[in-house]
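Written out below as structure tokens is the structure these notes cover.
When reading the values below, keep in mind they use all heavy atoms of this one structure, side chains included, and skip hydrogens, waters and symmetry mates. All residue numbers refer to positions in the sequence shown, counting from 1.
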Amino acid sequence: RCDHGAPDRVLERVEPLPVRPRRGADRRALLKRELAIACILPVGSDMRVIDGAGALATFDRAHIGTLWEYLTPLERVFMALALNCGFNISEIATLRIDEVHGDTVKRLRHKSKVYGEWKLWPVAQAAVRWAEERKSRLGIGSDLLLTTDTGRSYIAPTRKNNRGATIPNAWNRLLKRVREDHPDFPKLSFGKLRKTAGDLIRKFADVEVAAIFLSHGQSVKADAPAENYTNRPFEKVFAAQERVWEHLKDVMTGDFPPPGAKQVAAKLSRGTVKKMRAMRAEGFTVRQVADHFDVAESTVRDNCPGVARS
């Protein structure tokens with residue numbers, strides 16, 4: 001039992017603690033902090049402490065709907081796989097075409113080396129088809145479902161031998177667009193989609209099903225040998241995924257356009273585009289709108305389709 005209470009400040013993220021000093025006030029302060037955190041947070045957790053209660057940093061249903069509205073088709077593929085299957089960036093970037101079997105994904109999770117199965121939602125099935133058509137149009141023969149336009153893996157090392165950051169960079173640009181219209185929107189990383197997915201599975205099922213969904217090494221913590229002598233009940237995962245889809249399907253709507261269709265660059269917020277269209281509807285010329293928003297006239301035309309040139 002802990003009698004020390006919660007920390008007197010909000011912890012947005014618990015980072016790995018530094019090496020303990022051997023003696024003195026610094027060591028005592030660090031030990032006190034470790035004890036305070038240990039009283040309320042599991043080891044290795046990524047949680048926020050609000051009024052003494054741990055709360056996992058995730059997106060809610062309204063957040064997911066807002067994000068989906070602002071996403072480009074390719075970004076929707078990333079998000080669909082993250083929420084539907086609990087995939088992180090590495091798992092999305094390494095997903096092979098031969099691991100997708102109709103409406104089911106079957107594969108080993110690279111990090112934990114644990115086998116998993118996931119039933120694809122209708123929107124995720126559409127996302128997979130769109131990704132395959134995109135590769136065909138680009139003439140890419142990779143075994144990976146998703147690659148860059150040049151056929152490279154999204155996590156291929158850069159010239160400085162850093163991991164490719166195409167997906168997190170795209171996510172940061174997305175959040176910037178969203179926050180231009182919604183300043184209070186939570187600024188959470190792409191990885192929080194995996195945490196959101198796991199949290200939803202747990203909400204609509206239980207901890208064991210969530211652990212299987214996330215391909216954790218041990219789903220039944222109280223009975224480790226069970227992992228070696230029983231099969232994982234993936235049918236329970238499928239049932240939980242179906243319940244999560246019923247919860248989200250009304251906010252993850254919209255068809256994927258043909259991969260070859262002209263796409264408007266996702267540089268402007270939805271609010272800015274709506275204002276542009278409103279000005280054009282009021283009779284302002286393309287040049288006047290472009291000058292008002294300090295953008296090229298072609299940008300106005302691309303974002304205001306169906307309006308005659310002027």
Heavy-atom side-chain contact between L175 and L188 under 4.5 Å
no

Hey, are the side chains of M279 and Q288 touching, using non-hydrogen atoms and a 4.5 Å cut-off?
no

Please list, chain by chain and in numerical order, all residues satisfying side chain to side chain donor-acceptor pair (under 3.5 Å) with [X], sequence neighbours excluded.
X	answer
T148	T150
R109	E91
N161	none
E132	none

Clusters formed by hydrophobic residues whose side-chain heavy atoms approach within less than 4.5 Å: which one holds L138, and what are its other members?
I140

Report the distance from atom [atom1] of [X] to atom [atom2] of [Y], rounding to the nearest 0.5 Å.
X	Y	atom1	atom2	answer
W245	L200	CH2	CG	13.0 Å
E99	L145	CD	CG	10.0 Å
I201	L214	CD1	CG	8.0 Å

Heavy-atom donor-acceptor pair, [X] side chain to [Y] backbone, under 3.5 Å:
X	Y	result
W130	P257	yes
D199	K195	no
E117	F234	no
D98	D143	no
H63	D60	yes

Between R163 and S90: side-chain donor-acceptor atoms closer than 3.5 Å:
yes

Tell me yes or no: between the side chains of R107 and T94, is some donor less than 3.5 Å from an acceptor?
yes

Looking at every non-hydrogen atom in both residues, tell me the closest pair between [X] and [Y] and how far apart they are.
X	Y	value
Q241	N84	NE2-O, 2.7 Å
S215	V114	O-CB, 3.6 Å
L120	C85	CD2-SG, 3.9 Å
I64	M79	CG2-CE, 3.6 Å

Just do the ring-ring contact (aromatic ring centres under 6.0 Å, His included) check on F87 and W118 with the steps written out, would you?
CA-CA 10 Å; F87 287 172; W118 301 266; 5.0 Å; yes

Between R287 and E297 (salt bridge meaning N to carboxylate O under 4.0 Å), is one present in this structure?
yes

Short N-O contact, D181 and K274, less than 4.0 angstrom
no

For R202, look at atom CZ and say whether over 12 heavy atoms of other residues, nucleotides or ligands are found less than 6.0 Å away.
no

Heavy-atom count around N162 CG within 6.0 Å, excluding the residue itself: above 12?
yes

Which residues pass the side chain to side chain contact (heavy atoms under 4.5 Å, CB included) test with A197, sequence neighbours left out?
F213

